[in-house]
Amino acid sequence: MASWLPSKLTSASLLIIGVLFHVTYICSIFDIYFTSPLVHGMEQHRVEAPAPAKRLVLFVADGLRADKLYQFHPDPKTNELTTRAPFLRHIIEKEGSWGVSHTRVPTESRPGHVAIIAGFYEDVSAVTKGWQMNPVNFDSVFNQSEHTWSFGSPDILPMFAHGASDPNRIETIMYPAEHEDFGAGDASELDTWVFEHFTELLEKSKTDPALHKKLHSDKIVFFLHLLGLDTNGHSHLPMSEFYLNNIRIVDEGIKKVTEQLSEFYNNDGKTSYVFTADHGMGNRGAHGDGHPDNTRTPIIAWGAGIQGPNKANPQGHDEFSADWGLNEYSRNDVKQADIAPLMASLIGTYYPVNSVGELPLPYLDTPESFRAASTFTNTLQILEQYHVKQELKRRTELFFKPFPGLTGEHSPEAVKAQVQALIDAGKYKEAEAECVIVRDLCLEGLRYLQTYDWLFLRSVISAGYLGWIAFSLNFILRTFVGGQDPRLGPLGGPRSHRPIANVASAQENQAINVLSVVVFAIFSIILTIKHSPALYYAYVAFPIFFWSRVILDRRELLSAISKTTQSYGWVKTTGSVLGYIVALEILVYSYFNRGILSICFLFLALWPAFLPSVVQRNNTLLMVSWSLSCLGTSIFTLLPVEMGEDKILILAGGLILTVSGFVSTAVVPGITADPQQPGAAVTARNVMMFQTGLIALSTVIVNDTVKSLAAHEGLPLLNQTFSWIILFITGSIPFVYGARSSQHYLLRMVIIYLSFAPIFILLSTSYESIFYFCLSATLLSWLMLERKIYSASEMQPLSDTLHAERRVLTSATSSTSGGSSDANGATVAAVEYPIRGLSPKDARPAIFFLFFINVAFFGTGNVASLASFSLQSVFRLTTVFNPFFMGALLIVKILIPFFLVSSIFRVLGRSLELPPFSLFLLGLATTDVMTLNFFYLVRDDGSWLEIGTSISHFCISSLMVLFTILLFALSDLLVGRVLVPVVGEDQRKKRS
């Protein structure tokens, strides 16, 4: 830790440190709450008694919500309420058991299938490592089977075949990835394909003796992955006739498979069937978060070894199943991971060694001896995981404390002997009860070991976030408040040396550096003993570095605080700080209720009434514009986020943006024209006309594309081609035109606004384009109003033309500033902008910035998750399923409002004569107050909605910091050279 860092640290260095810190620390949520539960080296266990079934058929209807399957829906012909799954309803009423399978976040296909087939809940980070291959090897029911035939999607099937103990044991019959086309109309054809190829397999066995022999083996599995519902849900939403009709097709296909297998195996009664789903589907056609629509899926089981309907004592019903018409049949809910041990028990395979599922006894119709043996096997298998995990933890801890619940009479050895004695004595019910108690203790023990390091990690992470806040605020106060030479170097780096009296002595500096190294060495030894991942060393290094720098610079920090309080008074300074913190907490609350943002807008609309009279007197039109734009933007955070595609709103948004383009073209080039460059205004007007034309063309294309997709004619190639061309052309305009020249800030902001408007139209499904217009108007009004307020406070007129920038300065000024000659031979000085230090009054624009960042993100989305951003919006550009590519397009849509806020804020800093990045750094340094709130609000208990929402909040808050850093750097590239009219020449001379 070099001693020169504090004195030579610049804003650019701080930004780099900030990016590295936040990129590293966002991983902490996965290391703390979602570390992989897998361990290896366990002994395998299975029931030795004969299994009730020889074969198992697993149907997984990808993306099927429980309520949509069980509810009655209007018949499209007669409009009478009827079930879309008559065969499965017959199974519930006459043959099998049923219920709701509760999934965990993330509600994606890969984690859902891993939970169903392998019996454990995969860590969230595995989703980012791909759908097809395994980030870690795991055991599964398929791997333990004698042979498995799987049919369906290339996104799911390979992950269970890859890494199998015998590669030939699991066969995959898959359709091409190109078939997963969201714009190809009815996706139920994917499910029809699966059923047809299953039929082909049985037909082929008639002429293939080897296949016939395999199909008549014991312990075999048929896996039918049915993707049509997921694709139709994304394309047409789960309330659509396509989705409901797909349920009917799946039901008919399952009925046909059941009849085919009965005939193929001569009705031997040795086939078990399990029907379920990997995740549900939200009303906007998306999934991934913890909303109940995504976590509640159906489960229906029937056939060999499965309990029939329980009408004698129906249980398990609540308001969710009140309108299903199934209240007289017992509803047996399960956790998604419970399905794996159920399937292993039915066909007598070894239980997957990594499974944490609890055998759902209400589904079994077997002798009591088999039930007891199955429960005992399930308990032994989980107990084995606990034993291996405990030994691994014991070897890596200096002072290991075992889980108290599995010691003494409940130690693994005592449990095995006690339960086996009960089974040998024929006391099966007692054995089951004891197994359930011990199994629950084992799961608690696994949980205990999984969370063993939580206190240590949480403490380190908290120290890191608090250290970053203190470190960055320390830099801001020293650099922008603490009396530096006001003329700053590149990106805010101070030119002058710091006062000697405030600098730590060489001995003190050395002592703190040595102490920091010693502390890090001690933690490194502890982490090495614990076999901690490399990232843990970074978790520890950041707080040590931050706090060592803060301690070294404590005198300067205290000096800057003292100077601020002396200049502005304790009351004003303390009030600004407390008000800032309260505002941050209000923003935290807005994550839970986005309507709070609307309330904030209503108060902001009244802000002009409290402005100084000198501002009110001459800026009536501007204040009215601010109030109206605030009221307009406030509407969007009150609207439901789960709105379907609305062509009228899309057209209205396109029309508004087109009209705003024409108005801007007519007005802006004229009021920002430079008399010395008459041709620049003509060029600007031509560029803006071209941009407006692209906006109108985008509106026409989207309208036609929506019609085509609604008619199930697919995505027209011509529309798709033009959409991509528009996207690239309009996205490149800000980088090509005006990026390297000095444009008036107002012209530059309008150019950027018009450039991103076509992209927003192309990606809109409802009111997003109207929101884009209202937010842009609010931001521009904010910028203009802040300029007027600052002008009034400086008692100097603030010009809104280029003339304040381009003037012949006096020789004294020119001698200190580089210059160039214009076309008339006059000297145009490259003048440094007047620079002042930060003050308490600058807290207002900083908190406004954070407020608008939240509005930019949550104006059209649900604060609970990224899944609320409808996948339909990318169908103008592509319909072939590609999760990462589609996700990238959604992120582009999300980032556009971010970029507008950052650009406006960059210009505002110039307008307020503040050092580059100072306002942004103030907002960046303090936004982690919100992140820390969400870090401690993360839950891993309660409902899946609460768990998923808490995780989403932390991730969104952390990602906001990273997005803002990157976008602000990009905004500096695009608006860093704009001409911002400043205070008059006399004021300029005083400050230079």
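- The two residues I116 and A277 have their closest heavy-atom pair at CD1-O, 3.7 Å.
- A donor-acceptor contact shorter than 3.5 Å links the side chain of N354 to the backbone of V39.
- Using a 4.0 Å cut-off between charged side-chain N and carboxylate O, R296 and D333 make no salt bridge.
- At distances below 3.5 Å, at least one donor-acceptor pair connects side-chain atoms of Q385 with backbone N or O atoms of S355.
- Ring centroids of Y539 and Y536 are separated by less than 6.0 Å, placing the two rings close together.
- Residues forming a salt bridge (charged side-chain N to carboxylate O under 4.0 Å, His left out) with R395 (at least two apart in sequence, or on another chain): none.
- In this structure, K530 NZ and F456 CZ are separated by 6.5 Å, a value rounded to the nearest 0.5 Å.
- Contact annotation: the side chain of Y448 never approaches that of K393 to less than 4.5 Å [non-hydrogen atoms, C-beta and beyond].
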- Please walk me through it: do V436 and D440 pass side-chain contact (heavy atoms from CB on, under 4.5 Å)? CA-CA 6 Å; V436 169; D440 291 343; 3.9 Å; yes
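- Paired with V540 under the rule side-chain contact (heavy atoms from CB on, under 4.5 Å), one option of V519, I526, V460 passes, and it is V460.
- Here E391 pairs with R394 in a salt bridge; the nearest charged N to carboxylate O distance falls below 4.0 Å.
- Take Y465 and apply the ring-ring contact (aromatic ring centres under 6.0 Å, His included) test, not counting sequence neighbours, and it matches F21, Y25.
- The NE2 atom of H113 sits 9.0 Å away from the CD atom of Q336 when rounded to the nearest 0.5 Å.
- Distance alone, capped at 3.5 Å, places no donor-acceptor pair between the W468 side chain and the F542 backbone.
- In this structure a side-chain-to-backbone donor-acceptor pair under 3.5 Å is missing from Q144 to Y350.
- Residues F935 and R458 are in side-chain contact: their nearest non-hydrogen atoms beyond the backbone lie under 4.5 Å apart.
- Interatomic distance, L587 CG to I853 CD1, rounded to the nearest 0.5 Å: 11.0 Å.
- To the nearest 0.5 Å, atom OH of residue Y386 and atom CG of residue L406 are 5.0 Å apart.
- F545 is not listed as a side-chain neighbour of S516, based on a closest heavy-atom distance of 4.5 Å or more.
- At a threshold of 4.5 Å between non-hydrogen side-chain atoms, the residues S109 and D155 do not count as touching.
- S101 approaches K335 most closely through the heavy-atom pair OG-C, 4.3 Å.
- Atom OH of Y589 is surrounded by 12 or fewer heavy atoms from other residues, nucleotides or ligands within 6.0 Å.
- The shortest distance between side-chain heavy atoms of L919 and F905 falls below 4.5 Å.
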- Evaluate side-chain contact (heavy atoms from CB on, under 4.5 Å) for F403 paired with L449, printing each intermediate quantity in order. CA-CA 8 Å; F403 176 60; L449 296 173; 5.8 Å; no
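- Heavy-atom minimum distance, A344 versus P352: CB-CD, 4.3 Å.
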- Task: Give the intermediate values and the outcome of side-chain contact (heavy atoms from CB on, under 4.5 Å) for residues Q390 and F400.
- Result: CA-CA 9 Å; Q390 177 180 256; F400 176 71; 3.8 Å; yes
- Task: Could you give me the CA-CA distance, side-chain angles and deciding distance for L850 and I847, then say whether side-chain contact (heavy atoms from CB on, under 4.5 Å) is met?
- Result: CA-CA 5 Å; L850 295 179; I847 199 65; 4.2 Å; yes
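- With sequence neighbours excluded, the residues satisfying side chain to side chain donor-acceptor pair (under 3.5 Å) with E585 are N933.
- Counting heavy-atom neighbours within 6.0 Å of L455 CG, excluding the residue itself, gives a total of 12 or less.
- Side-chain atoms of F471 and L14, non-hydrogen and from C-beta on, do get closer than 4.5 Å to each other.
- Although no hydrogens or angles enter the test, the distance criterion places a donor-acceptor pair under 3.5 Å between the side chain of R554 and the main chain of I551.
- Residues D278 and T103 have side chains not in contact (no heavy-atom distance under 4.5 Å, counting atoms from C-beta outward).
- Listed here is the closest heavy atom pair of L359 and N378: N-OD1, 2.9 Å.
- Y351 and P341 make their closest contact through CE2-CB, 3.7 Å (heavy atoms, listed as atom of the first residue, atom of the second, distance).
- Side-chain atoms of F851 and L597, non-hydrogen and from C-beta on, do get closer than 4.5 Å to each other.
- Not one N or O on the side chain of N143 forms a donor-acceptor pair closer than 3.5 Å with the backbone of S140.
- Here L446 contributes atom CG and I382 contributes atom CD1; the two are 7.5 Å apart, rounded to the nearest 0.5 Å.
- Although no hydrogens or angles enter the test, the distance criterion places no donor-acceptor pair under 3.5 Å between the side chain of H45 and the main chain of Q381.
- Nearest approach of N294 to G282, heavy atoms of both residues: OD1-N, 3.0 Å.
- Expressed to the nearest 0.5 Å, how far CD of E397 lies from CG of D453 amounts to 5.5 Å.
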